[in-house]
Amino acid sequence: MAGVSLSRWTMSYFAAALVALLAAETMMVLGFGFPSAPVEAPATLVLVHVVALGWLSLLLCGALFQFVPVLVARPLHDNHLPFATLCCLLAGLVLLLCGFLQLDGTLEGDWPLLPAAGSLLALGFVLVLYNLGRTLWAGRPLPLPARFFVAGLCGVAAAASLGLIFAFVLTGLATAPPLADLAASGLPLHIVAGVGGWLTLSAMGVSYRLLAMFILAPEDRRWTSIAALWGGIGVLLLAVGGGAGAVLLNADPTPVFVAAALLAVPVLAAYGHDVIRLYAKRKRRKLETNSLMAAPALISLALAAALLLALLALGQMPRFAGAVLYLLAFGWLSGLGLSQLYKIVAFVTWLECYGPLLGRAPTPRVQDLVVESRARKWFYLYFGAVWFGTVALLAEQALVFRGLALLLLLATAGLVVEFVRTRRLADVAIGPQGQDVPHRPRLLCALVAQP
Amino acid sequence: MSAESDALIERVTEALRVVIDPELGYNIVDLGLVYSITAAEGGVVDIVMTTTTRGCPATGFLKDGARDGAWAVPGVEFVDVTLTYEPHWVPEMMTDAAKQHLGFA
């Protein structure tokens, strides 16, 4: 069985995603969108979708195009399709942001931007589903982490479908009462399907496999892992399916969401138990930066769950939902994403530059492409800014939050510089360097002569 | 097995120490990724090896690296590298030196 190939466009997804992250953080610093603007303001919609689609979804798509083939030991169904997919998603995102700005008159004109954006984004995600779905299908029976991806893909299908309904109803192109009901009350469903289903279930799948692989931990299949998978699917079905049912029956969906939140607690406990066990049972005692910095991301998930429960108990969830989502998006999902990106960028770069030299010349290790001590400082600053930023949101101190967002932006920019230095082989001191490397990496795509 | 074959296997083993697993950052011999090396008459060398993870994108490079590394050894006329996942690699297969390098628990 030969190794699977490198995904040529994964690096392009990462680059676009990082630009979106920097853009979102700049918006927060400048006071564009929540918390400086109301939750329902078009500026907040712009900010939220730059984070959810531009940053997190593109990051996850790029990672899955590389990672799913590794997981199922099968090549990606179509290695060319990710470029067309990226074009659809990026064009859809730009139109979506313009459509939001059209809502409050910032952009003039009566072009149907939102339906066009929704259609392009839906097409992009259909291509993602098709390409990854065919790859997963060929790799049956699926290992446990891959089953999380299947659940995550169902989540993105639900989130994209709801988004498409919102776009058509908002612009008056769809008037059927059930669709209008969903557009009026379905925002929590859209958020749960996107953040909980697509992003969180997929991130859980990634962490099960990558953590075990990088820290040499046993990957035995345990009942807690299976409980986390099926429980996670149950939460998604209850919140999105049950919530949609309640909305369509003109009933209050709040009890369904509360039940889903309560069901999520044992699911996250099972997942947390597994992750702690992975770290405890690891053979590789000295942790590298990517594994070390996954820990504060996982802690952020636990903190977000505790905060969610506390706010539900106090009846304050609607008021502070932004703080929970911020901690989930920037602490858990972005934290995990950046920590794993730190390793993936170096690994892909190594394969491009030094893979063809194996056996012919001494080569550096993947770790020799990075300077971990430098990157760790940026990670500490990043997580500190996220956690204090969450406190600022809970204290409703918008100005303090903007100051902390500046630190967040600084930390992210520092990490982006580290990623670029890795791609440029700027820190390599062992083996062939500079012009002696036969395959110099390009910044935005991976070109490799695969054996 | 002749002394000549033994000496050739020893030289090939040493040559394979140039080939590292990129992630673990240690040579494939001491990581236990090389399951067997045999040498037949006429400098024909057979290597059976594995990777730490099935489907790893570095698999092709590791296999080619082992082939090229062995082929560069004087006396080697032909190299065949077979990849296997029977048995699956586990960290316990590493030598003491590799375990120490990785801080193996």
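Residue numbers start from 1 in every chain, and the chains themselves are labelled A, B, ... in the order their sequence lines are given, proteins ahead of strands.
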* To do: Dump the intermediate steps for salt bridge (Lys or Arg N to Asp or Glu O under 4.0 Å) on B/E14 and B/R17, then the final yes or no.
  => CA-CA 5 Å; B/E14 206 49 46; B/R17 286 201 163 90; 3.0 Å; yes
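Counting heavy-atom pairs under 4.5 Å between each of B/A15, B/P22, B/G69 and chain A puts B/P22 at the top. With chain A as partner, the option from B/L16, B/T84, B/V90, B/L24 having the largest number of non-hydrogen pairs under 4.5 angstrom is B/L24. Counting heavy-atom pairs closer than 4.5 Å to chain A, the top-ranked of the candidates B/D21, B/V19, B/V18, B/I20 is B/I20.
Here the options are B/V29, B/V34, B/V45, B/V79, the test is side-chain contact (heavy atoms from CB on, under 4.5 Å), and the partner is B/V12; only B/V45 passes. Here the options are A/R376, A/R365, A/K343, the test is salt bridge (Lys or Arg N to Asp or Glu O under 4.0 Å), and the partner is A/E288; only A/K343 passes.
Neither the backbone nor the side chain of B/I28 has a heavy atom closer than 4.5 Å to any heavy atom of chain A. The contact between B/L62 and chain A is made by backbone and side chain atoms together, counting heavy-atom distances below 4.5 Å. For chain B, no part of A/K281 is nearby; none of its heavy atoms comes within less than 4.5 Å.
A/T10 places none of its side-chain heavy atoms less than 4.5 Å from the side chain of A/F67.
Between A/R277 and A/D274 no salt bridge is recorded (no basic side-chain N to carboxylate O distance below 4.0 Å).
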